[in-house]
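Keep in mind the model is a prediction, meaning the values are calculated, not measured. Convention: sequence-line order gives letters A, B, ...; per-chain numbering from 1.
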There are 2 protein chains.
Amino acid sequence: MDIQLKRGLLDVCVLAAIKNEDSYGYKIIKDVKPYVELSESTLYTILKRLERANMLSVHTAEHEGRLRKYYHITSAGLNRIEEFKNEWKEMLSIYKFITKEDIQNEQTRVS
Amino acid sequence: MDIQLKRGLLDVCVLAAIKNEDSYGYKIIKDVKPYVELSESTLYTILKRLERANMLSVHTAEHEGRLRKYYHITSAGLNRIEEFKNEWKEMLSIYKFITKEDIQNEQTRVS
DNA sequence: GTATAATACATCGTAACACGAAGTATATAA
DNA sequence: TTATATACTTCGTGTTACGATGTATTATAC
């Protein structure tokens, strides 16, 4: 998928991945990858950005002797997802503009 | 609309705006603006990029004593639009991933 | 008559972003 | 012992959208 098209989707995908239950980097990648390709460097950049924007909170916990950073969605994060749903409506109208057919056999001259 | 979300859409919007008939900068902006906000500097950057990628060709013509640069879509440009339609399917699956409810809420929903 | 808006195109600098590359560290399976 | 899976981090780079700014002509309003 085109990189540019992914932008704006990735942040919300990560939020969606932790929406139902707290998750951690490695798991988020596995959950999101079937839908969008997402590298580790990209993911951790996104997590930092979302944390800075207070869309998620972080807590470190031990899991089988190893430390894991768990990410928890905040109300701002949930709001972002809702906002995205509205933006999707705009996306749909843009999609229609792009895919709409012309009225055939009109004059091709530019007036 | 979120800037990041617009990326990847803008190029295809511009291609769509010249798909049916050759157009020029000022007109493209007017045609696209009802759907996506698009500034002049952004448009001309995009036009240059699309020209470099051979997705459109340019010819200058006089219109009422003034020079205009007309942009004409190429087969590569038309292919890009078709490609976008396929990418849109991926977008849809991502959208579903983002908006899918958790199992608890799923049960209360009408199928 | 002249000020102002509309038309039309162009360039520069900047901040945001995705991502490959590289690194650190532990646990488990071959 | 080696390789793979798990888990997180940082750096550098190229792409991009856009505000600011500039140039020029034509049409309209005052």
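In this structure, Arg49(B) does not reach the dT15(D) phosphate: none of its side-chain N or O atoms is under 4.0 Å from OP1 or OP2. Note on Arg66(A): every side-chain N or O is 4.0 Å or more away from OP1 and OP2 of dT26(C). Phosphate contact (OP1/OP2 of dA7(D), side-chain N/O of Lys27(A), threshold under 4.0 Å): absent. The side chain of Lys30(B) contributes an N or O atom lying less than 4.0 Å from OP1 or OP2 of dT7(C). Under 4.0 angstrom from either OP1 or OP2 of dT6(D) there lies at least one side-chain N or O belonging to Tyr26(A). Residue Tyr24(A) places at least one side-chain N or O closer than 4.0 Å to OP1 or OP2 of dA7(D). Of the side-chain N and O atoms in Lys48(A), one or more sit less than 4.0 angstrom from OP1 or OP2 of dT10(D). The phosphate of dC17(C) (OP1 or OP2) has no side-chain N or O of Lys6(A) nearer than 4.0 angstrom. In terms of phosphate contacts, Ser41(B) brings no side-chain nitrogen or oxygen within less than 4.0 Å of OP1 or OP2 of dC18(D). In this structure, Thr42(B) does not reach the dA17(D) phosphate: none of its side-chain N or O atoms is under 4.0 Å from OP1 or OP2.
Between the P atom of dA7(D) and the CG atom of Leu47(A) lies a distance of 14 Å, rounded to the nearest Å. Rounded to whole Å, atom P of dT25(D) lies 13 Å from atom CD of Glu62(B). Distance Leu5(A) CG to dC17(C) C1': 15 Å, rounded to the nearest Å. Straight-line distance from the CG atom of Asp2(B) to the C1' atom of dT16(D): 14 Å, rounded to whole Å. In this structure, NE2 of His63(A) is placed 12 Å from P of dA27(C), rounded to the nearest angstrom. When rounded to the nearest whole Å, the span between CD1 of Ile46(B) and P of dC18(D) equals 8 Å. For the pair Lys33(A) NZ and dC19(C) P, the computed distance is 11 Å after rounding to whole Å. Going from atom CG of Asp31(A) over to atom P of dA7(D) covers 12 Å, rounded to whole Å.
In this structure, the nucleotide among dA17(D), dT11(C), dC19(C) sitting nearest to the side chain of Ile3(A) is dC19(C). Among the nucleotides dT11(C), dC17(C), dA17(D), the one closest to the side chain of Arg7(A) is dC17(C).
Atom CZ of Phe84(B) is separated from atom CG of Asp11(B) by 11.0 Å, given to the nearest 0.5 angstrom.
Counting atom types as modelled, Glu40(A) pairs a side-chain N or O with a base atom of dC8(D) as donor and acceptor under 3.5 Å.
Counting heavy-atom neighbours within 6.0 Å of Glu21(A) CD, excluding the residue itself, gives a total of 12 or less.
Scanning for side-chain hydrogen bond (donor to acceptor under 3.5 Å, both in side chains) contacts around Lys48(A) gives an empty result, with sequence neighbours left out.
Cluster partners of Tyr26(A) are Tyr24(A), Tyr70(A), counting Ile, Leu, Val, Met, Phe, Trp and Tyr whose side-chain heavy atoms approach within less than 4.5 Å, directly or via other members.
In terms of modelled atom types and a separation under 3.5 Å, the side chain of Thr74(A) and the main chain of Met55(A) share a donor-acceptor contact. In this structure, the side chain of Thr99(B) engages the main chain of Tyr95(B) through a donor-acceptor pair within 3.5 Å.
Nearer the 5' end of DNA chain D, as judged by each residue's closest nucleotide, is the contact made by Arg68(A), out of Arg68(A) and Gln4(A).
Looking at heavy-atom distances under 4.0 Å, Leu10(A) makes contact with sugar-phosphate atoms alone, never a base.
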